[in-house]
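Worksheet: one structure, shown below.
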There are 2 protein chains.
Amino acid sequence: MFYQILKPHVQESREHHFKRGEIIYHEGDTPQNIYFIESGLVGLFHIAESGKETFLRVFGTNSILGHRSYFANEPYHATAIALAPSLLISITKEECSRICRESPSLLKEVTSQLAKDLKTAELRMAGLQDKSVHQRIAESLVFLKLKHPDHTWTRKEIAEYSGSTFETVARAMSLFEKEGLIKKQGRDFEIFDPQKLIAFTNSEN
Amino acid sequence: MFYQILKPHVQESREHHFKRGEIIYHEGDTPQNIYFIESGLVGLFHIAESGKETFLRVFGTNSILGHRSYFANEPYHATAIALAPSLLISITKEECSRICRESPSLLKEVTSQLAKDLKTAELRMAGLQDKSVHQRIAESLVFLKLKHPDHTWTRKEIAEYSGSTFETVARAMSLFEKEGLIKKQGRDFEIFDPQKLIAFTNSEN
DNA sequence: CGATAGATTGAGAGTTTTCAACCGATGTGG
DNA sequence: CCACATCGGTTGAAAACTCTCAATCTATCG
């Protein structure tokens, strides 16, 4: 969405190709660039010392990446990893601040996006407290699959997004299939009716 | 911090007094105002249908409140409650957008704050996955007590901030006292050495 | 077709919550 | 200023949920 506003302003940029699993930037790194996703899929992860990973945000085609750290003027607080082969375009911080001066509507748009992301993060945090694993897994299946239908989401990715483990996700998906709510197809799956799926997990005791 | 930038621009405002426990706004309400906290203490909570509450953010003197919803142009996603007797000042949305036009530095400041709040929320979300209850409780004690030392934090407030229950907080605090890390005094408490407290919970098990 | 990454399922363990009963602090009205 | 009501805190015991560990199976791809 910013992409359309931003693209015409860009004067100098670089292309970067990433394979699945490659790291775009690390937690703690000092941001030098802002990235746009020309094609592909990127995940933002927090990785604990224990190795436990938490899937914070997904970025698809036409998203921008690294903006939070840029606007907070902080090091990256998490690690960005390509979830599929991706083509990214980077512009420098300097170019970014020039563009922000030229186009105040861009800043308002970014502010609005950060405000929405904050809501999402806080509601997910609350959900970890007041929802069952099955509810969170169902919501994650719906969110991830509807937003990015072409990606074959692994149980591990779903687990890290829902705040669970891949075994628990596998079990939940077997249950959902037995209930006729989803259909597993190879490693991928299909959701028959998102509302029914959510409703089912809400009704479970 | 915005307060200093914003105050000289304000032309029209209203005062509101709240007692401890009174609700400033409800989740779902449509924002009509932005608030400044002249004095007192405010908490932002998510309240599940089950009644389970999650403590999302604290706001002390000189904070602004309601800005996330204003800048996202969304209804409130959570409920703001006075944690102590508080004096708030409201200005209308219209006045707020006028001020944002007059003072672009304010918008940049708000953007930066939202970006930092997003980091905090995402790291807390990750912490619920990869830290033990004792670690989260210790971190919450340190954060809440150091940032707002004059407030007598209840076990319930600490529990809702740390993602736990008041019983678990009471037990943890008894342990921390037995270890000589904190001192309970009436309903209040004192932290002898924040670093030692955190280190202790990191070393458990 | 073999190698490898990912998925499934079972069984058992562990952490945290829930339920319950009781105790102590605080503050207010008589 | 004391008595008492109320709100908050403590502690124990049991239950529940989810995770961990382990073994096995199945896609997918070179």
Side-chain angles (χ1 to χ4, degrees), chain A residues 19-22 48 50-55 81 83-85 127-138 140-141 144 151-178 182-190 201 204-205, chain B residues 19-21 48 50-55 81 83-85 127-138 140-141 144 151-178 182-190 201-202 204-205:
Chain A
K19 301 197 195 81
R20 172 171 170 83
E22 285 187 330
S50 65
K52 175 118 194 167
E53 300 187 12
T54 303
F55 189 165
I81 305 178
L83 300 177
L128 290 172
Q129 299 305 313
D130 59 44
K131 290 175 178 161
S132 71
V133 202
H134 282 186
Q135 285 179 290
R136 302 197 311 265
I137 290 171
S140 298
L141 291 177
L144 295 171
H151 184 66
T152 298
W153 294 100
T154 66
R155 308 297 186 255
K156 180 167 175 283
E157 286 161 354
I158 297 161
E160 289 168 359
Y161 195 86
S162 61
S164 182
T165 60
F166 66 90
E167 296 98 325
T168 299
V169 170
R171 271 186 261 269
M173 288 178 70
S174 294
L175 172 65
F176 296 160
E177 185 169 53
K178 197 159 58 184
I182 70 172
K183 172 93 193 111
K184 291 193 257 179
Q185 320 185 104
R187 286 176 178 164
D188 205 352
F189 64 94
E190 184 194 339
T201 60
E204 276 182 313
N205 220 358
Chain B
K19 301 197 196 80
R20 172 171 170 83
S50 65
K52 176 119 194 165
E53 300 187 11
T54 303
F55 190 166
I81 304 178
L83 299 177
L128 291 172
Q129 299 305 312
D130 58 44
K131 289 176 179 160
S132 71
V133 202
H134 282 187
Q135 284 178 290
R136 301 196 314 262
I137 291 171
S140 299
L141 291 177
L144 295 171
H151 183 66
T152 298
W153 294 99
T154 66
R155 309 296 186 259
K156 182 169 174 282
E157 286 161 354
I158 297 161
E160 289 167 0
Y161 196 86
S162 61
S164 181
T165 61
F166 66 89
E167 297 98 324
T168 300
V169 170
R171 270 185 263 268
M173 288 178 70
S174 294
L175 171 65
F176 296 160
E177 185 169 54
K178 198 159 56 182
I182 69 172
K183 171 93 192 111
K184 292 193 256 179
Q185 319 185 104
R187 286 175 177 165
D188 206 353
F189 65 93
E190 184 194 340
T201 61
N202 287 339
E204 278 183 312
N205 227 0

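Chain naming here is simple, since letters A, B, ... match the order of the sequence lines and numbering starts at 1 in each. Worth knowing before you read on, the calculation uses all heavy atoms, side chains too, and leaves out hydrogens, waters and symmetry mates. What you see is a predicted model; the values in this text were computed from it and never measured.
- One end of the helix from dC1(C)-dG30(D) to dG30(C)-dC1(D) points its axis 40° away from the other end's axis, with each axis taken from 5 pairs and the angle rounded to 10°.
- Under a 4.0 Å N-O distance rule, the pair Glu160(B)/Lys156(B) qualifies as a salt bridge.
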| query | Given Arg171(B) and Val133(B), is the side-chain contact (heavy atoms from CB on, under 4.5 Å) satisfied, shown in steps? | reply | CA-CA 11 Å; Arg171(B) 270 185 263 268; Val133(B) 202; over 6 Å; no

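- Close approach of DNA chain C to chain B, defined as any atom under 4.0 Å from a non-hydrogen atom of the protein, starts and stops at dT15(C) to dT26(C).
- Taken to the nearest 0.5 Å, the CG atom of Leu128(B) stands 5.0 Å off from the CD atom of Gln129(A).
- Considering CD of Glu157(B) and OG of Ser140(B), their distance stands at 12.0 Å, rounded to 0.5 Å.
- Interatomic distance, CG of Asn202(B) versus NZ of Lys131(B), reported as 8.0 Å (0.5 Å rounding).
- Of the candidates Leu144(B), Leu141(B), Asp188(B), Val169(B), Trp153(B) forms a side chain to side chain contact (heavy atoms under 4.5 Å, CB included) with just one, namely Leu144(B).
- Residue Thr152(A) holds its OG1 atom at 9.0 Å from CZ of Phe189(A), rounded to the nearest 0.5 Å.
- Checking side-chain atoms of Arg20(A) against main-chain N and O of Pro85(A) turns up no donor-acceptor pair under 3.5 Å.
- Taking atom NZ of Lys178(B) as the reference point, atom P of dT10(D) lies 13 Å away to the nearest angstrom.
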| note | Contact string for nucleotides 19-30 of chain D, one letter per nucleotide 5' to 3', B = base within protein heavy-atom range under 4.0 Å, S = sugar-phosphate only, - = neither, reads SBB-----BS--

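- If you take NZ of Lys156(B) and P of dT10(D), they are 16 Å apart, rounded to a whole angstrom.
- No donor-acceptor pair under 3.5 Å is formed between the side chain of Arg136(A) and the backbone N or O of Ser164(A).
- Between His134(B) and Phe176(B), the ring planes lie perpendicular to each other; the angle is over 60°, past the 30° to 60° tilted range.
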